[in-house]
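The next block holds one structure in the form of structure tokens; read it before the comments.
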Amino acid sequence: MDTQDGTQQSQQLILAHNVFLLKHPDVSDIEKVRLSDEVLNSVQSNDMTSYYETLVTDKVLELDQSLLESMRAKNEEEIKKLDEKIADAEENLGESEVREAHLAKSLYYIRIGEKEKALEQLKVTESKTVAVGQKMDLVFYTLQIGLFYMDFDLISKSIDKAKNLFEGGGDWERKNRLKVYEGLYCMSTRNFKKAANLFLDSISTFTTYELFPYDTFIFYTVLTSIISLDRVSLKQKVADAPEILTVIGKIPHLSEFLNSLYDCQYKSFFLAFAGLTEQIKLDRYLHPHFRFYMREVRTVVYSQFLESYKSVTIEAMAKAFGVTVEFIDM
């Protein structure tokens, strides 16, 4: 959403995640003090007047009237400058410069958290845009707005729009980026199987660092794959994938989680799973599906265990998984 060098996560998506953590009951008060400072600094540095008012209303931040008035004045001044540049471009320059002037205003509205104004200005910019690639870039900006506000209707419509644009052309780099956006949307709306397939298709071509770092992408890929793929596919596409092997060791418990399932080391699997639960609960996209994911994982691992037996006692299962008989029975 903001200007990136191509390998950094969007500052707005970092802000959205920090706000999510500030509202989370499992985050410590000490950590929330640090997060509150980070959120305020981010809001202030980007002059996010409307978003600041929303956070104050939600009791995430306390109201500082002088700060609010200062940011509002800066917004008005900057918008006036952008409008002057648009007028100058329309009067004295060519179509390309007019488009760039409108795009600059779109990006400013995105930066300050003015959702509706940003979407409207992006439509104006699109009307000045001819190239498919540039139109696609506008869709990516819209998708990031959708992810910032968790507006799944906007995300879904934008993905459909992007696919329609690609029917008229478009490069592979942008098509591959769209797969990651769609995968994240699918994961966030509990379509884990489709998310896994889209993520796996993007492992070797990943460039969407504006959404999350590569380590986080691998984390999502493994988590969605474990409850979506059969045993053979999990081995071929995930456990033995060179791209995954290079980074999986950097993510706590993830390697044990994946490999102990394939190796039928169920006690180790449950220990690793317990270590991953906090990461899942504190993830903005996975948190709403935490209980569902827990059930799906247990279904996968119990089914795999039971395939090896014609009959088995609950006591034997409990011993294999390192849990109580009561837990298995429940």
Side-chain angles (χ1 to χ4, degrees), residues 1-2 4 6-10 12-14 16-17 20 110 115 118-119 122-123 126 129 131-229 233-234 237-238 241 243-244 247 280 283-289 292-293 296:
M1 283 163 72
D2 44 10
Q4 301 291 325
T7 59
Q8 291 183 344
Q9 189 178 4
S10 159
Q12 269 85 354
L13 292 183
I14 293 172
H17 184 65
F20 161 76
I110 293 172
K115 180 186 177 186
L119 292 173
L122 282 168
K123 287 180 183 176
E126 185 185 10
T129 304
V132 172
Q134 289 181 331
K135 285 187 176 182
M136 266 306 308
D137 290 340
L138 298 178
V139 176
F140 285 126
Y141 288 130
T142 306
L143 283 166
Q144 288 173 41
I145 293 171
L147 290 168
F148 181 80
Y149 291 98
M150 288 299 217
D151 184 339
F152 294 124
D153 184 56
L154 176 62
I155 296 168
S156 176
K157 288 176 180 176
S158 298
I159 289 170
D160 289 342
K161 183 176 182 178
K163 289 179 177 178
N164 288 333
L165 280 172
F166 280 139
E167 289 179 5
D171 58 87
W172 282 107
E173 192 269 336
R174 287 184 176 92
K175 287 182 180 178
N176 289 328
R177 283 178 66 202
L178 182 64
K179 285 182 183 179
V180 181
Y181 277 85
E182 186 177 5
L184 181 57
Y185 165 72
C186 290
M187 186 183 78
S188 302
T189 53
R190 206 176 280 187
N191 189 346
F192 291 115
K193 186 174 182 63
K194 188 172 182 180
N197 289 330
L198 287 163
F199 287 154
L200 287 167
D201 280 349
S202 309
I203 282 182
S204 60
T205 58
F206 179 84
T207 57
T208 50
Y209 295 100
E210 69 273 13
L211 293 184
F212 33 63
Y214 191 62
D215 291 4
T216 303
F217 171 65
I218 294 300
F219 175 68
Y220 292 154
T221 302
V222 173
L223 257 58
T224 53
S225 296
I226 274 181
I227 62 171
S228 304
L229 302 184
S233 298
L234 190 67
K237 296 181 179 180
V238 184
E243 296 88 354
I244 291 177
V247 299
I280 297 170
D283 185 276
R284 183 167 170 254
Y285 304 108
L286 289 170
H287 172 261
H289 316 295
F292 175 84
Y293 187 80
E296 289 297 298

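One-based numbering along the sequence shown.
Remark: Ser225 OG to Ile244 CD1 distance equals 6.5 Å, nearest 0.5 Å. Note that the OG1 atom of Thr224 and the CG atom of Leu200 stand 6.5 Å from one another [nearest 0.5 Å]. Rounding to the nearest 0.5 Å gives a distance of 9.0 Å between OG1 of Thr208 and CG of Leu184. Note that OG1 of Thr142 is 6.0 Å distant from CG of Leu119, once rounded to the nearest 0.5 Å. For the atom pair OG (Ser188) and CE (Met150), the distance works out to 5.0 Å, reported to the nearest 0.5 Å. How far CG of Asp283 is from CZ of Phe212: 9.5 Å, rounded to the nearest 0.5 Å.
Here the closest heavy-atom approach between residue Glu243 and residue Ile218 is recorded as O-CD1, 4.4 Å. Heavy-atom minimum distance, Ala195 versus Met187: CB-N, 3.6 Å. Summarising the geometry of Val180 relative to Phe199, their closest heavy-atom pair is O-CE2, 3.8 Å, with the distance given to 0.1 Å. Nearest heavy-atom pair across Lys115 and Tyr149 is CB-CE1, 3.6 Å. Across all non-hydrogen atoms, the minimal contact from Gln9 to Leu211 is NE2-O, 3.1 Å. Scanning all heavy atoms of the two residues, the minimum distance from Lys135 to Thr129 falls at CE-O, 3.0 Å.
With a 4.5 Å cut-off on side-chain heavy atoms, Glu210 and Leu13 do not count as touching. Side-chain contact check for Tyr293 versus Leu223: some heavy-atom pair is nearer than 4.5 Å. Residues Thr207 and Asn176 are not in side-chain contact: their nearest non-hydrogen atoms beyond the backbone lie 4.5 Å or more apart. Using a 4.5 Å cut-off on side-chain heavy atoms (C-beta onward), Ile159 and Val139 make no contact. Looking only at side-chain heavy atoms (C-beta outward), Ser202 and Phe217 come within less than 4.5 Å of each other. Put simply, the side chain of Glu126 reaches to within 4.5 Å of the side chain of Lys161, judged on heavy atoms. A heavy-atom distance below 4.5 Å is found between the side chains of Ser156 and Tyr185.
Checking Tyr181 against Gln144 by side-chain atom types alone, a donor-acceptor pair falls below 3.5 Å. Using modelled atom types and a 3.5 Å distance limit, the side chains of His289 and Arg190 yield a donor-acceptor pair.
The local environment of NZ in Lys175 is crowded, with over 12 non-hydrogen atoms from other residues, nucleotides or ligands closer than 6.0 Å.
Of the charged side-chain nitrogens involved, none lies within less than 4.0 Å of a carboxylate oxygen, so that Arg177 and Glu182 do not count as a salt-bridged pair. Taking the charged nitrogens against the carboxylate oxygens, Asp153 and Lys157 do have a contact shorter than 4.0 Å, which makes a salt bridge.
Only one option out of Ile155, Leu147, Leu154 pairs with Asp151 in a side chain to side chain contact (heavy atoms under 4.5 Å, CB included); it is Leu154.
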Could you walk me through whether Asn197 and Phe192 pass side chain to side chain contact (heavy atoms under 4.5 Å, CB included), step by step? CA-CA 9 Å; Asn197 289 330; Phe192 291 115; over 6 Å; no
Does the side chain to side chain contact (heavy atoms under 4.5 Å, CB included) test come out yes or no for Phe148 and Ile110, once each step is laid out? CA-CA 10 Å; Phe148 181 80; Ile110 293 172; over 6 Å; no
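Checked against the 6.0 Å centroid criterion, the rings of Phe206 and Tyr209 qualify as a close aromatic pair.
Applying the salt bridge (charged side-chain N to carboxylate O under 4.0 Å, His left out) test to pairs two or more places apart or on separate chains, none has a residue in residues 211-220.
A cation-pi arrangement is not found for Arg174 relative to Phe166, the charged atom failing to lie both closer than 6.0 Å to the ring centre and inside a 45° cone about the ring normal.
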